[in-house]
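The figures here come from the full heavy-atom set of this structure, side chains too, leaving out hydrogens, waters and symmetry mates. In what follows, every chain begins at residue 1, and chains take the letters A, B, ... in the order their sequences are listed.
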There are 2 protein chains.
Amino acid sequence: MMEKALSQSLPSLNALRAFNEVARTLSVTRAAETLNVTHGAVSRQIRQLEDQLGVSLFRREGRGLVLTAEAEYLRASTSQAFEQLTHACGHLRRRAAGAPVVLGCSGSFLARWFIPRLHRLKARYPDLNLHLTADEGEKWPLGADVDAVMRFAEPPWPADARVIELAPERIGPVMVPELIEVAAPDPSELLGLPLLHTESREQAWPRWFSAEGLDVTQVRKDQSFEHLNYMLEAALVGLGVAIAPAYLVEEDLRAGRLVAPWGFIDTSARLGLWLPPGEPGREIERLIQWLRLELEAQ
Amino acid sequence: MMEKALSQSLPSLNALRAFNEVARTLSVTRAAETLNVTHGAVSRQIRQLEDQLGVSLFRREGRGLVLTAEAEYLRASTSQAFEQLTHACGHLRRRAAGAPVVLGCSGSFLARWFIPRLHRLKARYPDLNLHLTADEGEKWPLGADVDAVMRFAEPPWPADARVIELAPERIGPVMVPELIEVAAPDPSELLGLPLLHTESREQAWPRWFSAEGLDVTQVRKDQSFEHLNYMLEAALVGLGVAIAPAYLVEEDLRAGRLVAPWGFIDTSARLGLWLPPGEPGREIERLIQWLRLELEAQ
DNA sequence: CCATCATGTCAGTTTTTCTCACATATTAGC
DNA sequence: GCTAATATGTGAGAAAAACTGACATGATGG
């Protein structure tokens, strides 16, 4: 038997991890599955933690669980702490195995922004072993097998992530030049043209309409696509007017394949690099540096 | 025997904690003492962690240890993560036991700034159970039995702390009005007066001299005190001119007990509230709110 | 009101971790 | 150089912690 010193204020770490899982899933059973143990084991861990902290963490409410205020507070810390530990260890292990740094981003961004610039990244950091993976998911926390993701999103950022803001998102209508004759057309010209949508950004057109003083109810839904990328392909073959982030059409505008007669407007979203909490590794720092450079440059 | 899934990327948490301690103390033996186990146990934990991560973490260098680059990286995460867990648990436990929120600050600040304003804090948040403790130490991380500390310091802030910047530090010479006759004296008048110093801020006078264009070599060391508070007591009885942060002499200036004929100059230091990483509790948030209000007000 | 689903609990077992003793390696002092 | 002192590394057995599996309990919904 061992007396517990008061200064020894850290309870069993495994109990904390069990707590974190239960708090996340709001279910002892699901948490147990994730942790590869039986629900009994998790139940005991929670009880042990409650005893050690001297607070009640969950209340049974019918068939489910609800967090007490104390649990809510604790969860904020445990989720971040375990996020951090998980990623640091995963990162180390992968690097030790010679695996590349894994960066996730949406397929559209990958195809239209990243890949065309990849040669410049390679030129700057020839030995940077980067693996790009398409990752449409809005999910957070990151899977343990991804080092970082790039995505467009709006603040506030979640507490258990580190978001490096890279650039504001700017959106605007783009189309093939043949679709519009006038050099500086009035926004109302749009009303006569087919509008292309994406399911992931349903607010894009309404937002632009209202920013330009057009009647939002006039937004027609001529054609919708699952991803930005498909919408842009459609715009490129002249099917209609797409509303797209400026960064994704840079190349097409420069090459004259598309035009953006009304320019782009700022949205409240930001292009950000989402990292697990903690210090980024050297490779990630290089990546950030290059991204900043690349996004400022133009 | 259990096969380890690749996705199971979190090694033994106790091993991570052992690692964190060893990395901090650079000694298996000292870490073992802190963790209340034998050095053999810690040695095994480290080896186990190295096996699980597939990286070497320490090199024996003569009698001591040095961190590998990988260990350095890992430590950044573990220290922050365990800091966070320790404080969240300590905070919860203390609150559960009905213990007050513990705020540390220097004795001088406590006596000259905080206590005179305590009645206002009580008026605003009558049920805020706050315990103030004098804490001269510059040490970080916080002891697990303190929820936050206030201190004057210069950026950059350490990565494993959350520093809420409250106000810039402004310093200036103060003295009893009898010591100086002129209403708007020239700074050079100082040279004829005894200068009071503190050991904790040896740079205060030289900085002020050079900011005012005076010859730094002219700084005489007439009398030195261990703490700001003693220096100010000396100034109050007319022993000489003290150099003090504006916040600590507000009351004395208002009451006419002291004068600051040359005003105050900004330093690069900030008064900050140092918190462990993670979301602050509700009590701490109230405290921050009140501190902001109180420091802006004047 | 019974079938279902979820959590709580217990005794016994498995797994992990720790201790203790000894081995090894480096350094400082004589 | 040798020795004493200081550290870390390693093994077998002991101790502690965690897990399992079976059963109990409580809520929900047809």
Just N and O in the side chain of [X]: are any of them under 4.0 Å from OP1 or OP2 of [N]?
| X | N | answer |
| --- | --- | --- |
| S27(A) | dT7(C) | yes |
| T29(B) | dA7(D) | no |
| T38(B) | dC20(C) | no |

- Message: If only side-chain N and O atoms count, and only distance matters, is there a donor-acceptor pair under 3.5 Å linking Y125(A) with E283(A)?
- Response: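 Y125(A) and E283(A) do not have a side-chain donor-acceptor pair below 3.5 Å.
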Between [options], which nucleotide has the shortest distance from any of its atoms to the side chain of [X]?
| X | options | answer |
| --- | --- | --- |
| Q48(A) | dC18(C), dT9(C), dA18(D) | dA18(D) |
| H39(B) | dA21(C), dG8(C), dA12(D) | dA21(C) |
| V37(A) | dT9(C), dC18(C), dC19(D) | dC19(D) |
| Q45(B) | dA21(C), dT17(C), dT20(D) | dT17(C) |
| S12(A) | dT17(C), dA18(D), dT7(C) | dA18(D) |
| R60(B) | dT8(D), dT20(D), dT10(D) | dT8(D) |

- Message: Reading DNA chain C from 5' onward, which residue's closest nucleotide shows up sooner: N14(B) or A41(A)?
- Response: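 This one resolves to A41(A).
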- Query: Which sits closer to the 5' end of DNA chain D, R44(B) or L26(B), going by the nucleotide each is nearest to?
  - Reply: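 Closest to the 5' end, via its nearest nucleotide, is L26(B).
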Nearest-Å distance, [atom1] ([X]) to [atom2] ([N])?
| X | N | atom1 | atom2 | value |
| --- | --- | --- | --- | --- |
| E21(B) | dT8(D) | CD | P | 13 Å |
| E61(A) | dT7(C) | CD | C1' | 14 Å |
| D51(A) | dG8(C) | CG | P | 13 Å |
| R47(B) | dT17(C) | CZ | C1' | 16 Å |
| R17(A) | dA17(D) | CZ | P | 18 Å |
| L67(B) | dT8(D) | CG | C1' | 16 Å |
| L57(B) | dT8(D) | CG | C1' | 15 Å |
| L13(B) | dA18(D) | CG | P | 11 Å |

- Message: Donor-acceptor pair, distance only, cut-off 3.5 Å: does the side chain of Q52(B) make one with the backbone of S12(B)?
- Response: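 Yes, because the side chain of Q52(B) sits within donor-acceptor range (under 3.5 Å) of the backbone of S12(B).
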- Message: Under a 3.5 Å distance rule, please check whether R30(B) uses its side chain to pair with a backbone N or O of V22(B) as donor and acceptor.
- Response: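 Side chain of R30(B) to backbone of V22(B), a donor-acceptor pair under 3.5 Å: no, none is there.
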Name the atoms and distances for all side-chain donor-acceptor pairs under 3.5 Å in residues 152-159 of chain B, with sequence neighbours left out.
{"from": "E154(B)", "atom 1": "OE1", "to": "S268(B)", "atom 2": "OG", "distance (Å)": "3.3"}
{"from": "E154(B)", "atom 1": "OE2", "to": "S268(B)", "atom 2": "OG", "distance (Å)": "3.4"}
{"from": "W157(B)", "atom 1": "NE1", "to": "E165(B)", "atom 2": "OE2", "distance (Å)": "3.1"}

- Item | Aromatic contact, F82(B) with F19(B) (centres under 6.0 Å) |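 No - the distance between ring centres of F82(B) and F19(B) does not fall below the 6.0 Å cut-off.
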